[in-house]
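These notes are about the structure you will find just below.
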Amino acid sequence: MKEIYLDNNATTRVDERVFEEMRPYFCELYGNPSSMHFFGGQVQKKVDEARSRVAALLGALPDEIVFTACGTESDNAAIRSALEVFPEKRHIITSRVEHPAVLTQCRNLTKRGYRVTELNVDGNGQLDLKELEAALDDDTVIVSLMYANNETGVIFPIEEAAKMVKAKGALFHTDAVQAVGKIPLNMAESAIDLLSLSGHKLHAPKGVGVLYVRRGTPFRPLLVGGHQERGRRAGTENTASIIAMGKACELAHLHMPEEAGRVREMRDRLERELTALIPNTRINGGGTNRLPNTLSIAMEFVEGEGILLLLSEKGICASSGSACTSGSLEPSHVLRAMGVPFTCAHGSIRFSLSRFTTDAEIDAVIKELPPIISRLRQMSPFGREFLNK
Ligand code: PLP
């Protein structure tokens, strides 16, 4: 069965052009970029080119780009660095809907005596900047807010938030793992100090990430050892993946406007048709600014896991808004923070599209999902009650 892959916020297919770019750096050009000889030097040149390509996508300077192993490492490195640079400050601000790479870290820090404010979101998953302003104080060391949410695609007003935070003298970090390559960012005109991205969300392989560190931002490395990455991240570079990351960023930079428009049209059609064909649905984050590729749709009186399994039987890959914790299916922390009613949160499904998504794949979901939902509603006592009304 050929898969219909609509789970691109989980991970993306490596673009063949990216794969071709990285291929020679395993068996042929395998030198260490730190070596003095010509063989290492030619790899160093390609790593430098990759750095410039990432910088171009972000509107950044090449020396502001630090290669890491993943988005999670970039998030951890950003927050840890701030705490080391300003040891006297003990207050961190984040939001309730962050990825665990930020949220778990912040919650763990409360056990070490840090005060952590988790900002609320409204029913659309949107931030209230007044709450941020009220939370900031002289003790705030870093504010970490995601650019776009991985579950709903909701885009936070990051530039306004960053300006507010800088005016208070704290550092500002954003987890832009889901935003980079989908919407334009320009660090040259931004107040952001630190920004995380991840290769496997933009058609590069898993196991490579980037931390953008604005020139002049004080920084302490998470990994210490060799002098790689100008002392900001020790460890021999994952050269093939870094080169792949550079190519992926170049492709995103060249094609984003056209691709994002096409993807948005397909996402909007999927949303329109599904809400017309399936009664009692709502779009999580539907009333605010969202990524062009993400659709989180809540369907009452059904369970996400049931939907996913039946979709999977038809070859359709999506993801649910629940997390399996100790055997019970809890709605995700994001949907809970948004106050999505229990009956909807359980039946929330995320479809996330990419440059490889086709109209035929969208047609297949529009055809297959409505009968799956009515079948599941027939099977559930709440669903039957609702259908018999
Ligand atoms: N931040 C966000 C918003 C994500 O969606 C993810 C991955 O799902 C991460 C961080 C972690 O990135 P990585 O898988 O590269 O560690």
Side-chain angles (χ1 to χ4, degrees), residues 5-14 18 54 58 65-80 94-108 118-119 121 125-127 142-156 158 161 172-183 185 192 194-212 222-223 233 235 238 241-242 244-245 248-249 252 284-285 289-296 317-323 332-335 337-338 350-354:
Y5 188 75
L6 295 173
D7 200 13
N8 288 282
N9 286 9
T11 198
T12 57
R13 175 172 135 196
V14 174
V18 168
V54 176
L58 298 178
I65 303 302
V66 179
F67 288 109
T68 65
C70 54
T72 301
E73 183 193 323
S74 301
D75 287 344
N76 275 262
I79 295 173
R80 293 296 164 132
T94 186
S95 84
R96 286 177 66 194
V97 297
E98 297 298 309
H99 188 273
V102 167
L103 207 48
T104 307
Q105 196 191 173
C106 289
R107 288 179 181 170
N108 286 348
E118 292 180 17
L119 301 177
V121 292
Q126 194 50 272
L127 212 58
I142 187 165
V143 176
S144 179
L145 295 171
M146 68 201 318
Y147 215 107
N149 189 272
N150 44 303
E151 290 190 30
T152 59
V154 168
I155 300 172
F156 278 168
I158 285 301
F172 187 83
H173 166 248
T174 184
D175 174 342
V177 163
Q178 293 293 345
V180 173
K182 295 173 190 158
I183 53 174
L185 303 183
I192 295 166
L194 300 146
L195 174 143
S196 306
L197 56 146
S198 171
H200 72 105
K201 310 289 184 181
L202 72 154
H203 305 290
K206 295 158 189 68
V208 60
V210 162
L211 180 63
Y212 160 87
L222 186 64
L223 298 190
R233 201 276 187 181
N238 178 359
S241 293
I242 287 172
M245 181 71 164
C249 287
N284 298 317
N289 201 11
R290 273 179 303 156
L291 291 174
N293 81 316
T294 307
L295 170 60
S296 172
C317 309
S319 79
S320 85
S322 306
S332 79
H333 71 288
V334 176
L335 300 182
M338 290 165 69
R350 178 189 72 189
F351 295 104
S352 45
L353 289 60
S354 83

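Note that ligands are numbered from 1 as they come in the structure, with each ligand's atoms numbered from 1 the same way. Owing to the predicted nature of the structure, the values given are computational and were not obtained by experimental measurement. Just so it is clear, the values below take in all heavy atoms, side chains as well, and ignore hydrogens, waters and symmetry mates.
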Exercise. Any nitrogen or oxygen of Asp175, main chain or side chain, under 3.5 Å from a nitrogen or oxygen of ligand 1?
Worked result: yes
For this session: Ignoring hydrogens and angles, state whether a donor on the side chain of Arg350 or Ser319 is under 3.5 Å from an acceptor on the partner side chain.
Result: yes
For this session: Classify the side-chain pair Ser296/Asn284 by whether it contains a donor and acceptor separated by less than 3.5 Å.
Result: yes
For this session: Check whether any N or O atom of Ala148, backbone or side chain, sits under 3.5 Å from an N or O atom of ligand 1, and answer yes or no.
Result: no
For this session: Look at the side chain of Thr174 and the backbone N and O of Tyr147, then say whether any donor-acceptor pair between them is shorter than 3.5 Å.
Result: yes
Problem set entry | ligand 1 atoms in contact with Met146 (distance to a heavy atom under 4.0 Å) | 3 (C)
Problem set entry | Shortest protein heavy-atom distance from atom 4 (C) of ligand 1, along with the residue and atom involved | His99 CD2, 3.2 Å
Exercise. What protein heavy atom sits nearest atom 16 (O) of ligand 1, and how far away is it?
Worked result: Thr72 OG1, 2.6 Å
Exercise. Is a side-chain donor-acceptor pair under 3.5 Å present for Asn9 with Thr294?
Worked result: yes
For this session: Measure His200 to ligand 1 on non-hydrogen atoms and call it side chain, backbone, both or neither using the 4.0 Å cut-off.
Result: side chain
Exercise. Strictly by modelled atom types, are Thr12 and His200 linked by a side-chain donor-acceptor pair under 3.5 Å?
Worked result: no
Problem set entry | Spacing of Cys249 atom SG and His203 atom NE2 [to the nearest 0.5 Å] | 11.5 Å
Problem set entry | Shortest protein heavy-atom distance from atom 15 (O) of ligand 1, along with the residue and atom involved | Ser198 OG, 2.7 Å
For this session: Could you list which atoms of ligand 1 come closer than 4.0 Å to a heavy atom of Asn150?
Result: 3 (C), 5 (O)
For this session: Determine yes or no for a side-chain-to-main-chain donor-acceptor pair under 3.5 angstrom, with Asp175 supplying the side chain and Glu98 the backbone.
Result: no
Exercise. Which is closest to atom 5 (O) of ligand 1 in terms of heavy atoms, Lys201, Glu73, Gln178?
Worked result: Gln178
